[in-house]
Engineer: 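Provided herewith is a single structure, encoded as structure tokens, for subsequent inquiry.
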Amino acid sequence: MTLASQIKHAAADALKHLYPEVATDISMIGVNQTKPEFSGDYTIVLFPFLKLLKQKPDVIGKLLGDYLVAKTELFTSYEIVSGFLNLTVKDAWWVNFLLNHFTDTHYGERNKTDRRVMIEYSSPNTNKPLHFGHMRNIFLGAAMAEILKANGNQVVKANLINDRGIHICKSMIAWMKYGNGATPEKAGIKGDHLVGDYYVKFNDEYKQEIAQLVARGMDEKKAEKESSIMRDAQDLLVKWEAGDTEVRKLWEMMNGWVYLGFDESYKRLGISFDKVYHESETYLLGKKIVEEGLRKKVLFKKEDGSVWVDLKEDGLDEKLLLRGDGTSVYMTQDLGTAKLKYDEFKLNQSVYVIADEQNYHIQVLKLIMKKLGEPCADGIYHLSYGMVELPTGRMKSREGTVVDADDMVSEMINLSREQTEQSGKTEGFSQEELTKLYDTIGMGALKFYLLRVDPKKKMIFDPKESIDLHGYTATFIQYAHARICSILRKEKVSLTPDCTKFQSFVQTTELLPLEKKIMLALEEYPVILSESASEFNPSSICNYSFQLAQMFNTFYDAHSISKAESEEKKQLRLMIIVMTASILRHAMNLMGIKLPEKM
RNA sequence: GGCCCGGUAGCUCAGCUGGAUAGAGCACCAGCCUUCUAAGCUGGGGGUCAUUGGUUCGAAUCCAAUCCGGGUCACCA
């Protein structure tokens with residue numbers, strides 16, 4: 001149990017003893033960290049009790065404070081300041097806490113349970129390379145997977161590849177018309193980029209054709225339908241659905257190029273999946289569910305043969321589930337995949353990392369599953385995140401106005417190299433070590449940049465401004481960690497000392513405010529970790545890590561560790577920094593960010 | 001128009017289960033390297049927490065209305 005909740009319970013017990021005739025409730029007790037301008041560690045707010053206990057805050061505070069100091073082993077003293085009871089925790093408690101946990105490299109984690117969670121993320125289309133927005137999705141998914149694991153869940157990381165549909169046919173048509181048999185090898189570029197270029201090419205040609213038709217006096221709507229290149233793409237989709245061997249062969253070849261490109265990008269980003277679904281393999285499954293729904297009369301058929309669900313009583317509209325010609329729509333395949341995931345892995349929860357523009361879609365998906373009586377319905381959770389936009393507005397692959405993921409990674413690694421060289425910190429590293437270091441710093445900065453913001457908020461990224469390596473960044477945390485490692489190296493203390501070391505430590509001198517401040521933060525980590533899981537928000541861990549690193553840096557400047565005032569202080573501080581480094585490593589590992597021992 | 005999300009310092013964001021004088025980073029100004037890594041530290045200026053009303057001992061936080069921005073409401077995915 002955390003210290004804050006121990007205090008809460010102690011206070012609840014105290015109130016029961018002091019006011020046995022009044023029914024006090026633990027939920028009334030607010031325990032916060034004491035503001036730095038007052039003395040004390042934790043504060044109990046007294047105002048909520050005034051009415052109930054019919055006494056002044058000073059009276060209640062004195063009774064409560066006296067009781068807590070006398071009857072618990074937690075506190076040395078208290079102070080009442082205008083309705084706030086500030087409690088000072090015994091130094092011995094902190095020292096004991098430190099001795100018990102400073103070598104625990106899994107501090108804050110919860111025990112494994114049987115709870116099974118799938119988290120689906122990335123889920124790319126195979127007609128274009130990954131861009132900056134996809135990276136937010138990917139890092140969010142990967143970080144949440146690790147955070148959920150650390151909180152005891154069994155996690156399956158899944159990727160659903162959107163490998164069929166009209167958008168892929170567009171790239172194929174453009175390649176056939178203008179490609180002259182180009183391949184990634186011949187062109188010397190990654191397959192996903194090559195295919196993406198033809199997707200852009202298609203749209204350029206499409207727009208031109210429409211412009212020409214409109215110039216000849218056709219209205220725009222009609223022109224969009226009459227466009228020959230669009231018709232070609234639609235014909236291609238029909239052939240694909242019919243299983244035309246030539247079309248399937250081309251489709252397989254071009255998708256193959258894209259997969260190789262994706263694999264390379266994923267590898268560079270340090271991302272992996274336990275299970276990969278392809279929409280081409282799952283899109284038919286939904287039809288069965290729809291037929292079942294028709295039998296159960298949950299769904300209905302219109303005259304033209306199309307199948308619908310009526311969501312009016314839920315405040316929504318009618319939603320199409322199957323076209324008149326019997327082909328499936330986006331929702332159809334999602335119904336199928338949702339059930340497939342559930343049946344295959346017996347999930348308690350199925351998390352979808354998808355941009356907030358699809359809030360409505362997922363809401364409807366969940367609702368339909370519920371109406372159909374599918375048990376997977378309750379477990380569906382949409383981790384909805386805001387889009388990454390450019391200062392000029394949304395990124396559009398079609399128009400080629402995107403920040404490319406591969407380019408961004410290269411730029412970040414370059415930037416970290418430049419800054420390292422500039423500050424003359426390359427000494428003592430081999431070329432190989434430097435390459436690794438630049439990757440660690442560059443990728444760390446990139447991941448942190450995208451994870452430090454609350455997922456549900458949209459972000460604006462200006463490509464003209466490079467991502468900073470100072471201030472609220474991964475670099476800052478990495479630097480603090482490297483500093484700690486440097487001290488430990490010199491003191492010949494392992495990053496993960498064996499737990500018997502320091503056990504003979506005895507504390508005789510009072511803890512300094514800065515020492516206690518860091519310990520307070522260390523103690524809080526488990527709460528941060530579990531909240532970030534329940535709220536599906538990695539940014540709170542970024543925030544916490546930055547603050548902890550900042551506290552260390554302040555401490556580092558104010559007090560020496562190697563040359564502490566006494567051997568006792570040195571031992572204490574070594575334990576503090578061992579645990580600080582350990583938590584920073586743990587927290588950043590969840591984000592997929594590595595912390596170097598030297599930089 | 002209906003529904004959903006957002007609006008906090010010049011910029012990017014924390015804080016939101018109501019609590020003490022609203023916090024960081026960037027940028028700007030002034031200091032700090034013969035002493036454990038200055039990718040750092042200390043201090044300073046900078047705020048009508050979109051607006052108005054309500055709830056109460058107390059509101060950035062809860063409620064209502066309004067304004068602004070975005071998303072969505074396809075036989076696209």
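Here is how names work: the chains are called A, B, and so on, in the same order as the sequence lines, proteins then strands, and each is numbered from 1. Keep in mind that the numbers below use all heavy atoms, side chains included, and drop hydrogens, waters and symmetry copies.
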Engineer: Report which part of the nucleic acid Met387(A) touches: base, sugar-phosphate, or nothing (heavy-atom distance under 4.0 Å, all strands).
Structural biologist: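 Result for Met387(A) = nothing.
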Engineer: Tyr472(A) has a side chain; which of U72(B), G25(B), A77(B) sits nearest to it?
Structural biologist: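 Of the options given, the side chain of Tyr472(A) lies nearest G25(B).
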Engineer: Looking only at side-chain N and O atoms, does Thr475(A) come under 4.0 Å of OP1 or OP2 in A39(B)?
Structural biologist: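 It does not, given that no N or O in the side chain of Thr475(A) lies less than 4.0 Å from OP1 or OP2 of A39(B).
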Engineer: For the side chain of Asn137(A) and the backbone of Ser122(A), is there at least one donor-acceptor N/O pair under 3.5 Å apart?
Structural biologist: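 A pair under 3.5 Å: yes.
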Engineer: Distance check, C1' atoms only: C5(B) and C16(B), in whole angstrom units.
Structural biologist: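 One C1' to the other, the span is 15 Å.
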Engineer: Need one value for Glu597(A): base, sugar-phosphate or nothing, where a base atom within 4.0 Å counts as base even if backbone is also close, heavy atoms only.
Structural biologist: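 Touches a base.
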Engineer: Asn32(A) near the nucleic acid: base, sugar-phosphate alone, or nothing, with a heavy-atom cut-off under 4.0 Å?
Structural biologist: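 Touches nothing.
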Engineer: Is Phe476(A) stacked on the base of A39(B), meaning ring centres closer than 5.5 Å and planes within 30 degrees of each other?
Structural biologist: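 By the stated criterion, Phe476(A) and A39(B) do not stack.
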Engineer: Side-chain donor or acceptor of Lys425(A) under 3.5 Å from a matching atom on the base of U37(B)?
Structural biologist: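 Check passes, donor-acceptor contact within cut-off.
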Engineer: What contact category does Lys490(A) fall into here, base, sugar-phosphate, or nothing, at under 4.0 angstrom with non-hydrogen atoms?
Structural biologist: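 Sugar-phosphate: the residue Lys490(A), judged by heavy atoms under 4.0 Å, touches backbone atoms but no base.
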Engineer: Tell me which nucleotide among C36(B), C76(B), G6(B) gets nearest to the side chain of Tyr556(A).
Structural biologist: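 Selected nucleotide (nearest to the side chain): C36(B).
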Engineer: For the pair Asp58(A) and Lys56(A), find out whether any cationic side-chain nitrogen is under 4.0 Å from an anionic carboxylate oxygen.
Structural biologist: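 No salt bridge links Asp58(A) with Lys56(A).
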Engineer: Is any side-chain N or O of Ser540(A) under 3.5 Å from a base N or O of A14(B), one able to act as donor and the other as acceptor?
Structural biologist: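 Check fails, no donor-acceptor contact within cut-off.
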Engineer: Just checking Val45(A): base, sugar-phosphate only, or nothing, at a heavy-atom cut-off of under 4.0 Å?
Structural biologist: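 Answer is base: heavy atoms of Val45(A) come under 4.0 Å of a base.
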Engineer: Are the aromatic ring centres of His361(A) and Tyr330(A) under 6.0 angstrom apart?
Structural biologist: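 Yes; Tyr330(A) has its ring centre under 6.0 Å from that of His361(A).
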Engineer: Name the nucleic acid region contacted by Gly165(A), choosing base, sugar-phosphate or nothing; use a 4.0 angstrom heavy-atom cut-off, strictly under.
Structural biologist: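 Since no nucleic acid heavy atom lies under 4.0 Å of Gly165(A), the category is nothing.
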Engineer: Where does C33(B) land, syn or anti, given syn is within 90° of 0?
Structural biologist: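 That one's syn.
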Engineer: Please tell me whether Phe476(A) and Phe448(A) form a close aromatic pair, meaning their ring centres lie under 6.0 Å apart.
Structural biologist: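 Here the rings of Phe448(A) and Phe476(A) have centres that are no less than 6.0 Å from each other.
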Engineer: Which nucleotide in the list G70(B), C41(B), U72(B) gets nearest to the side chain of Lys458(A)?
Structural biologist: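 From the listed options, G70(B) comes nearest.
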Engineer: Give Tyr330(A) one of three labels, base, sugar-phosphate or nothing, depending on what nucleic acid heavy atoms sit under 4.0 Å from its own.
Structural biologist: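 The answer is base, as Tyr330(A) lies within the cut-off (heavy atoms under 4.0 Å) of a base atom.
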Engineer: Starting at NZ of Lys35(A) and ending at C1' of A20(B), how long is that distance when rounded to a whole Å?
Structural biologist: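 Going from NZ in Lys35(A) over to C1' in A20(B) covers 7 Å.
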Engineer: What is the base-pairing partner of A64(B), counting Watson-Crick and G-U wobble geometry with both distances under 3.5 Å?
Structural biologist: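 Partner of A64(B): U52(B).
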Engineer: When you get a sec, tell me which of U72(B), A24(B), U37(B) is the closest nucleotide to the side chain of Gln550(A)?
Structural biologist: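 Nearest listed nucleotide: A24(B).
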Engineer: Can you see if the side chain of Arg323(A) gets near the phosphate of A74(B) - specifically, an N or O under 4.0 Å from OP1 or OP2?
Structural biologist: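 For Arg323(A), the contact criterion (side-chain N or O under 4.0 Å from OP1 or OP2 of A74(B)) is not met.
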Engineer: Rounding to an integer number of angstrom, what distance separates A59(B) and G15(B) when you compare their C1' atoms?
Structural biologist: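 Looking at atom C1' only, A59(B) and G15(B) are 14 Å apart.
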Engineer: Is it the case that the base of A14(B) and the side chain of Ser539(A) share a donor-acceptor contact (distance under 3.5 Å, atom types as modelled)?
Structural biologist: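 Counting by modelled atom types and ignoring angles, no donor-acceptor contact under 3.5 Å is found here.
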Engineer: So if I take every side-chain heavy atom of Phe47(A) and compare against G19(B), U72(B), U8(B), which nucleotide ends up nearest?
Structural biologist: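 Of G19(B), U72(B), U8(B), G19(B) is nearest to the side chain of Phe47(A).
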Engineer: Using a heavy-atom cut-off of 4.0 Å across all strands, would you classify Thr473(A) as base, sugar-phosphate, or nothing?
Structural biologist: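 Nothing, no nucleic acid heavy atom in range.
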Engineer: What nucleic acid atoms does Thr554(A) come within less than 4.0 Å of, heavy atoms only: base, sugar-phosphate, or nothing?
Structural biologist: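 Touches sugar-phosphate only.
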Engineer: Can you tell which of U37(B), G7(B), A20(B) lies closest to the side chain of Ile487(A)?
Structural biologist: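 Nearest nucleotide to the side chain: U37(B).
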Engineer: Given the C1' atoms of G18(B) and A39(B), what is the spacing between them in whole Å?
Structural biologist: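 Taking atom C1' in both G18(B) and A39(B), they lie 40 Å apart.
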Engineer: Does any nucleotide pair with G45(B) by Watson-Crick or G-U wobble geometry, both distances under 3.5 Å, and what is it?
Structural biologist: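 Check on G45(B): unpaired, no WC or wobble geometry under 3.5 Å.
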Engineer: Please classify the nucleic acid contact of Ile441(A) as base, sugar-phosphate, or nothing, using heavy-atom distances under 4.0 Å.
Structural biologist: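 It contacts base atoms.
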Engineer: What's Asp317(A) touching, base or sugar-phosphate or nothing? Going by heavy atoms closer than 4.0 Å.
Structural biologist: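 Asp317(A): no heavy atom of the nucleic acid under 4.0 Å.
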Engineer: How about Tyr449(A) and Phe461(A): are their ring centroids closer than 6.0 Å?
Structural biologist: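 Yes, close enough.
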Engineer: Check the pair Ser540(A) / Glu535(A) against side chain to side chain donor-acceptor pair (under 3.5 Å), numbers first and verdict last.
Structural biologist: CA-CA 10 Å; Ser540(A) 51; Glu535(A) 282 159 30; 5.6 Å; no
Engineer: Under 4.0 Å between any heavy atoms, over every strand shown, what does Gln333(A) touch: base, sugar-phosphate, or nothing? Just pick one.
Structural biologist: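 Since no nucleic acid heavy atom lies under 4.0 Å of Gln333(A), the category is nothing.
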Engineer: Give a yes/no on whether any side-chain N or O of Arg483(A) is located under 4.0 angstrom from OP1 or OP2 of A38(B).
Structural biologist: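 It does, given that an N or O in the side chain of Arg483(A) lies less than 4.0 Å from OP1 or OP2 of A38(B).
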Engineer: Is the centre of the Tyr381(A) ring less than 6.0 Å from the centre of the Phe536(A) ring?
Structural biologist: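 They qualify: ring centres under 6.0 Å apart.
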Engineer: Choose from A39(B), A20(B), G70(B) the nucleotide whose nearest atom is closest to any side-chain atom of Glu389(A).
Structural biologist: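 Within the option list, the nearest is G70(B).
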Engineer: What does Phe546(A) touch in the nucleic acid at a heavy-atom separation under 4.0 angstrom: a base, only the sugar-phosphate, or nothing?
Structural biologist: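 Sugar-phosphate, backbone atoms only, no base.
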Engineer: Indicate whether OP1 or OP2 belonging to U72(B) is found under 4.0 Å from a side-chain N or O atom of Tyr360(A).
Structural biologist: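 For U72(B), neither OP1 nor OP2 has a side-chain N or O of Tyr360(A) closer than 4.0 Å.
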Engineer: Side-chain N or O of Lys598(A) less than 4.0 angstrom from OP1 or OP2 on U37(B)?
Structural biologist: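 It does not, given that no N or O in the side chain of Lys598(A) lies less than 4.0 Å from OP1 or OP2 of U37(B).
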Engineer: By a 5.5 angstrom centroid cut-off and a 30 degree plane limit, is there stacking between Phe38(A) and A20(B)?
Structural biologist: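 The base of A20(B) is stacked with Phe38(A) (centres under 5.5 Å, planes under 30°).
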Engineer: Quick one: which of G6(B), A39(B), G40(B) gets closest to the side chain of Met599(A)?
Structural biologist: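 Given the options G6(B), A39(B), G40(B), the side chain of Met599(A) is closest to A39(B).
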Engineer: Among C26(B), C36(B), C13(B), which nucleotide has an atom closest to any side-chain atom of Val453(A)?
Structural biologist: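 So the nucleotide nearest the side chain must be C13(B).
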Engineer: Confirm from the modelled atom types if Asn86(A) and A20(B) form a donor-acceptor pair under 3.5 Å, side chain to base only.
Structural biologist: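 Check passes, donor-acceptor contact within cut-off.
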Engineer: Below the 4.0 Å mark, does C73(B) have OP1 or OP2 next to a side-chain nitrogen or oxygen of Gln363(A)?
Structural biologist: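 So the side-chain polar atoms of Gln363(A) never come under 4.0 Å of the phosphate oxygens OP1 or OP2 of C73(B).
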Engineer: With the threshold set at 4.0 Å, does a side-chain nitrogen-carboxylate oxygen contact exist between Lys302(A) and Glu318(A)?
Structural biologist: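 Salt bridge flag = yes for Glu318(A) with Lys302(A).
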Engineer: Below 4.0 angstrom from OP1 or OP2 of C26(B), is there any side-chain N or O of His470(A)?
Structural biologist: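 Answer no for this pair, as no side-chain N or O of His470(A) is under 4.0 Å from OP1 or OP2.
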Engineer: At under 4.0 Å between heavy atoms, what does His559(A) touch on the DNA or RNA strands: base, sugar-phosphate, or nothing?
Structural biologist: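 Here His559(A) touches the bases of the nucleic acid.
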Engineer: C13(B) C1' sits how many Å from Lys456(A) NZ, rounded?
Structural biologist: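 Value for this atom pair: 13 Å.
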Engineer: If we take the C1' atom in both U21(B) and A60(B), what is their distance in whole Å?
Structural biologist: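 Their C1' atoms lie roughly 15 Å apart.
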Engineer: Name the one of Asn414(A), Ile441(A), Leu469(A) that satisfies side chain to side chain contact (heavy atoms under 4.5 Å, CB included) with Gln419(A)?
Structural biologist: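 Output: one option passes, namely Leu469(A).
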Engineer: Hey, is the side chain of Lys457(A) poking within less than 4.0 Å of OP1 or OP2 on G70(B), counting only N and O atoms?
Structural biologist: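 Answer is no, no contact under 4.0 Å.
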